[in-house]
Amino acid sequence: MVIARKGSADKLSMITAYDATFARIVDESGVDMILVGDSVGSVVQGVTTTIPVTLEEMEYHVKLVARANPRALIVGDLPFGSYQVNSEQAVRSAIRLVKAGAAAVKLEGGVTMFETIAAISRVDIPVMGHIGLTPQSYHRMGGHRVQGRVDGREAGGKERLLEDAHSVEQAGAFSVVIEGVPRTLAQEITQKISIPTIGIGAGPDCDGQVLVLHDILGLTQSNLKFTRQYANVRKVSIDACKQFVNEVKHGVWPDDDHSFH
Ligand code: KIV
């Protein structure tokens with residue numbers, strides 16, 4: 001279903017979710033894939049990078065999303081430290097996310113992850129790659145910075161990103177997230193590889209797009225250039241809670257109609 005949409009005018013969509021309630025809401029939108037992302041660290045756990053998120057925590061959130069029994073494909077994110085040691089560690093971690101309910105796993109890295117992606121794919125677990133601005137490489141990048149703006153084969157260089165994309169494809173990934181790269185580079189990668197590219201901060205020419213649910217809903221106060229707030233659920237939520245507080249304070253709630261007799 002995902003691979004067949006390569007180059008299609010019917011673009012792929014992916015939204016994050018971390019629990020059953022939001023997974024049901026996201027699924028009702030008709031989205032193609034639900035990503036249980038390690039962005040759970042910043043949007044749910046309140047940490048500033050994805051680095052502290054553990055495999056046990058990801059397993060837990062994948063389980064919650066799987067309980068919603070969504071029609072959309074569940075992609076579980078492998079967190080930092082759960083796959084970088086060697087391929088055996090990566091396969092074991094991927095199996096844990098699949099047992100928790102994921103139908104595919106996502107991991108960050110290109111050329112250096114060739115053998116890891118191949119090993120996970122060999123045990124029949126579909127892998128989604130993730131190249132460009134890879135948040136787990138926070139310390140190497142010196143922050144969350146747009147990648148591929150400079151020429152070169154060093155990590156983050158333009159030619160290196162093309163190599164990363166080819167590597168992920170050759171290793172057997174079924175799709176790849178391209179995050180935080182110039183539009184023209186994402187377009188070139190999309191044209192040159194045979195698997196669907198899913199962009200975030202990578203312009204409109206990818207085969208699909210992904211956004212973090214809490215940004216879409218306006219629950220985070222993010223003003224990042226590449227996110228889009230489609231609703232202001234934060235304001236609606238604060239207003240609803242304020243109304244409750246006010247009604248309790250003045251003895252308006254609960255009234256007799258909402259009391260047992
Ligand atoms: O963890 C996440 O939500 C992600 C997306 C931003 C691609 O990796």
Side-chain angles (χ1 to χ4, degrees), residues 2 11-19 22-23 26 31-55 57-62 64-65 72-84 93-94 97 100 102 104-110 113 117 126-138 141 143-148 161 164-165 168 173-181 186 189-190 195-203 206-217 219-220 222 224-230:
V2 174
K11 298 219 180 198
L12 291 158
S13 56
M14 180 161 81
I15 300 176
T16 64
Y18 317 98
D19 63 44
F22 275 125
V26 167
V31 76
D32 296 302
M33 291 175 278
I34 296 178
L35 172 64
V36 188
D38 61 358
S39 50
V40 70
S42 49
V43 297
V44 176
Q45 298 174 339
V47 291
T48 50
T49 73
T50 55
I51 288 173
V53 177
T54 66
L55 183 60
E57 288 163 353
M58 290 309 301
E59 254 180 314
Y60 172 72
H61 288 284
V62 167
L64 302 190
V65 167
L73 187 88
I74 300 176
V75 181
D77 223 354
L78 285 167
F80 181 65
S82 72
Y83 62 95
Q84 287 90 348
S93 300
L97 292 193
V105 297
K106 177 171 84 58
L107 61 83
E108 298 182 9
M113 285 296 140
I117 294 172
V127 181
M128 177 180 280
H130 184 159
I131 60 170
L133 192 174
T134 44
Q136 293 175 18
S137 313
Y138 183 85
M141 295 184 302
H144 292 133
R145 296 181 196 285
V146 172
Q147 303 290 292
L161 276 168
D164 283 338
V168 166
F174 73 101
S175 62
V176 59
V177 168
I178 305 179
E179 178 168 356
V181 305
I189 293 172
T190 301
I195 55 172
T197 57
I198 314 292
I200 174 163
C206 296
D207 299 300
Q209 297 291 328
V210 53
L211 278 182
V212 168
L213 175 67
H214 292 53
D215 291 337
I216 291 178
L217 298 182
L219 282 167
T220 46
S222 159
L224 293 169
K225 182 171 178 160
F226 61 84
T227 62
R228 174 133 191 221
Q229 185 179 315
Y230 286 84

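As the structure is a prediction and not an experimental result, all values here were calculated from the model. Counting convention: from 1, in listed order, for ligands and their atoms alike. Any value given below was found using the heavy atoms of this structure, including those in side chains, with hydrogens, waters and symmetry copies removed.
Looking from atom 5 (C) of ligand 1 to the surrounding protein, the closest heavy atom is Leu35 CD2, 3.7 Å. When only non-hydrogen protein atoms are considered, atom 8 (O) of ligand 1 lies nearest to Lys106 NZ, 3.0 Å. Ranking protein heavy atoms by distance to atom 2 (C) of ligand 1, first place goes to Ser39 OG, 3.3 Å.
Of the heavy atoms in Ile200, only side-chain atoms (C-beta onward) come closer than 4.0 Å to ligand 1. Contact annotation: for Asp77 versus ligand 1, heavy atoms closer than 4.0 Å belong to the side chain alone. At a heavy-atom distance under 4.0 Å, atoms from both the backbone and the side chain of Asp38 approach ligand 1.
A donor-acceptor contact closer than 3.5 angstrom links the side chains of Ser39 and Tyr18.
With hydrogens and angles disregarded, a donor-acceptor distance shorter than 3.5 Å links the side chain of Lys11 to the backbone of Cys206. Side-chain atoms of Tyr138 do not come within 3.5 Å of backbone N or O of Thr50 as any donor-acceptor pair. Distance alone, capped at 3.5 Å, places no donor-acceptor pair between the Thr134 side chain and the Ile131 backbone. With Glu179 contributing its side chain and Val146 its backbone, the two residues share no donor-acceptor pair below 3.5 Å. Ser93 places a side-chain N or O within donor-acceptor distance of the main-chain N or O of Ser82, the cut-off being under 3.5 Å. Between the side chain of Asp77 and the backbone N or O of Val36 there is no donor-acceptor pair closer than 3.5 Å.
Remark: distances from the non-hydrogen atoms of Glu108 to ligand 1 are all 4.0 Å or more. In this structure, His130 is part of the shell of residues with a heavy atom less than 4.0 angstrom from ligand 1.
Near Gly37, meaning under 4.0 Å from one of its heavy atoms, ligand 1 places the atoms 1 (O), 2 (C), 3 (O). Set against the non-hydrogen atoms of Thr16, the atoms of ligand 1 under 4.0 Å away are 3 (O).
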